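For reference, the structure is listed below as structure tokens.
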There are 2 protein chains.
Amino acid sequence: MAKDSLHARVERAIGERILGGEFPPGGLLPNEADWGRTFGTSRTIVREAIRSLTAKGLIRSRPKIGSRVQPRSQWNMLDRDVLEWHRSAMDRRAFLLSTQEARRLIEPGIAELAARKHTPEQVEGLVTALAAMKSAKGMTQIVASDVAFHEALLVCANNELLLPFGIIIEQALSNLFDFTTQNNPHYSFALKLHEAIVKAVTAADGTAAREAMLALLSDTDEVIDHRAAKKAKKKR
Amino acid sequence: MAKDSLHARVERAIGERILGGEFPPGGLLPNEADWGRTFGTSRTIVREAIRSLTAKGLIRSRPKIGSRVQPRSQWNMLDRDVLEWHRSAMDRRAFLLSTQEARRLIEPGIAELAARKHTPEQVEGLVTALAAMKSAKGMTQIVASDVAFHEALLVCANNELLLPFGIIIEQALSNLFDFTTQNNPHYSFALKLHEAIVKAVTAADGTAAREAMLALLSDTDEVIDHRAAKKAKKKR
DNA sequence: TCAAGACTTTTGTATGACAAATAGATGGGT
DNA sequence: ACCCATCTATTTGTCATACAAAAGTCTTGA
């Protein structure tokens, strides 16, 4: 975990503190020299970390002023690191719900686009991904193959502007399965729903693909609710 | 235009060449010293540029290997700079169409969410944005206020994961209006459609908000088609 | 009272040196 | 002839230092 390069570690440290609310939007960060003393690194390292955070929209630096935290609307929330810091800064369930909400917004449309605009090679990738889901053993493989499936579907949509959403699906699925058991009887049903999506996409039936994806998402939401209910019961 | 800091200019130069296809995904970039000679800058500057490009998902550096271009799926296409480089590397009309396609995918859902989940302050921001649209004079103000309106709607949806999409709307609108004339008679109709959205959101009517947004998007698409037809006519 | 200029703080850029990682070459043993 | 260990060369990673440039803030003079 801590075998990243030095600037990456410094970047994470600062990023987590920003996402954690320690430095609110509009607020001023310590200057580069201070950070260097804080982490015991050279200013070079701090500068590279700050450059990276700037590229992710978290801050903005100006001479004599220092580095200011940008408004949250500027934050590149679909960046892997930023999203991760965001996740650890908020309630686990709330995070899961917001990712699911985003999925409901995006993925039905993605499925429809995929059905209407896929190329043969792309749909082949989707079929391969489905096969991988079927033969997946163990939680790690199951999650990975599920993510790969939705990633492949994203590719089928043939619009590069939509690719960055993959990270949300990835986060939603990993956080979702984090709690479910390996022998979930639900899984075979979920597989059927994935199959339905592939079928609709292959048939170039946009409406059916949208419907199938909606069914899958509703099923996922049910899993979440069920888990919440079980937890509430335990508490009682 | 060229008054950015040095590392920003170097970053842009490299980024444009990557998006332009000169360095394909999987390909290797020149090393840092070479870039330094190319641009006549110190290695420090090149490193900061590369750090930024790395943060945007375009490349990945490793000792002894150098910097490799990442697969396009890793590219942070919703980053302002990356999207800009992307735009200038592709056909203007194709870019506009892909942004509109993305908007059709996202914005109806955004409108619905906005209607269902907005807070009073957020809807107030929306109303303000609408007022600004009405009093906007000149192409620059019109585009800016239109962007601000959709940005405000995005905020009303109350899901931070969706905020990064604002950049797509911004690009779509600026490229759209780039060609339309200031005294477009269409504008008053577009204003009515925006009004309808605000009304539906205020009334917390998700379905109506979605429908109104769909109408607005269809109207926008018509403008695009109309322009295309006019151009084709001119050519003849 | 106000405005022009000096001052000061912070980031921006340059240079040179060394550390660490690692692909590829080299060589030795079987 | 083949394979494994090792050595080498290249590239990024990190450090230290110095100075330039930007931009608030203070000072001073009219």
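Naming convention: chains lettered A, B, ... in sequence-line order (proteins, then strands); numbering from 1 in each chain. Worth saying up front: this structure is predicted, and the values here are computed from it rather than measured. Keep in mind that the numbers below use all heavy atoms, side chains included, and drop hydrogens, waters and symmetry copies.
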Please list, chain by chain and in numerical order, all residues satisfying side-chain contact (heavy atoms from CB on, under 4.5 Å) with E124(A), sequence neighbours excluded.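 If we apply the side-chain contact (heavy atoms from CB on, under 4.5 Å) test to E124(A), skipping adjacent residues, there are no hits.
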Return each pair, listed once, that meets ring pair (Phe, Tyr, Trp, His ring centres under 6.0 Å) where at least one residue sits in residues 127-149 of chain A; pairs must be two or more places apart or across chains.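 Residue pairs with at least one partner in residues 127-149 of chain A: F149(A)-H194(A).
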Could you tell me how far apart [X] ([atom1]) and [N] ([atom2]) are, to the nearest whole angstrom?
{"X": "L6(A)", "N": "dA21(C)", "atom1": "CG", "atom2": "P", "answer": "12 Å"}
{"X": "L28(A)", "N": "dT9(C)", "atom1": "CG", "atom2": "P", "answer": "15 Å"}
{"X": "R60(A)", "N": "dA22(D)", "atom1": "CZ", "atom2": "P", "answer": "15 Å"}
{"X": "D4(B)", "N": "dA21(D)", "atom1": "CG", "atom2": "C1'", "answer": "15 Å"}
{"X": "I59(B)", "N": "dT11(D)", "atom1": "CD1", "atom2": "P", "answer": "16 Å"}

Can you check salt bridge (charged side-chain N to carboxylate O under 4.0 Å, His left out) on D81(B) and R12(B), steps first, answer last? CA-CA 8 Å; D81(B) 297 322; R12(B) 184 170 57 233; over 6 Å; no
Within the 4.5 Å heavy-atom criterion, are R47(B) and I50(B) side-chain neighbours or not?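 No. Closest side-chain heavy atoms not under 4.5 Å.
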Whichever of S5(A) and P63(A) has its nearest DNA chain D nucleotide further upstream toward 5':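 Its nearest nucleotide being more 5', the pick is S5(A).
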Does anything in residues 47-54 of chain A reach DNA chain C, meaning a heavy atom under 4.0 Å, and if so which residues?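 Correct list: R47(A), R51(A).
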Which residues, if any, of residues 29-46 of chain A bring a heavy atom under 4.0 Å of DNA chain C?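 The stretch gives N31(A), E32(A), R43(A) as the residues lying under 4.0 Å from the strand, ordered by number.
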By the salt bridge (charged side-chain N to carboxylate O under 4.0 Å, His left out) test, which pairs, at least two apart or in different chains, include something from residues 62-73 of chain B?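 Listed by first then second residue: E160(A)-R72(B).
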Between Q100(A) and L217(A), does a side-chain contact (heavy atoms from CB on, under 4.5 Å) hold up when you go through it step by step? CA-CA 8 Å; Q100(A) 276 299 117; L217(A) 288 171; 4.2 Å; yes
Check the interface with nucleotides 23-26 of chain C: list each N/O to N/O pair with the protein under 3.5 Å, or write none.
none

With a 4.0 Å cutoff (strictly under), does any side-chain N or O of H7(B) reach OP1 or OP2 of dT13(C)?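 Result: yes.
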Lys/Arg-Asp/Glu bridge criterion (N-O < 4.0 Å) met for [X], [Y]:
{"X": "R51(A)", "Y": "E48(A)", "answer": "no"}
{"X": "R9(A)", "Y": "D4(A)", "answer": "no"}
{"X": "E101(B)", "Y": "K117(A)", "answer": "yes"}

Just checking, any donor-acceptor pair under 3.5 angstrom between side chains of E11(B) and S52(B)?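 Their side chains do contain a donor-acceptor pair, which is all the 3.5 Å distance test asks for.
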Check: N175(B) side chain, Q171(B) main-chain N or O, donor-acceptor pair, under 3.5 Å: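 Indeed, once roles are kept as given, a pair shorter than 3.5 Å links the two residues.
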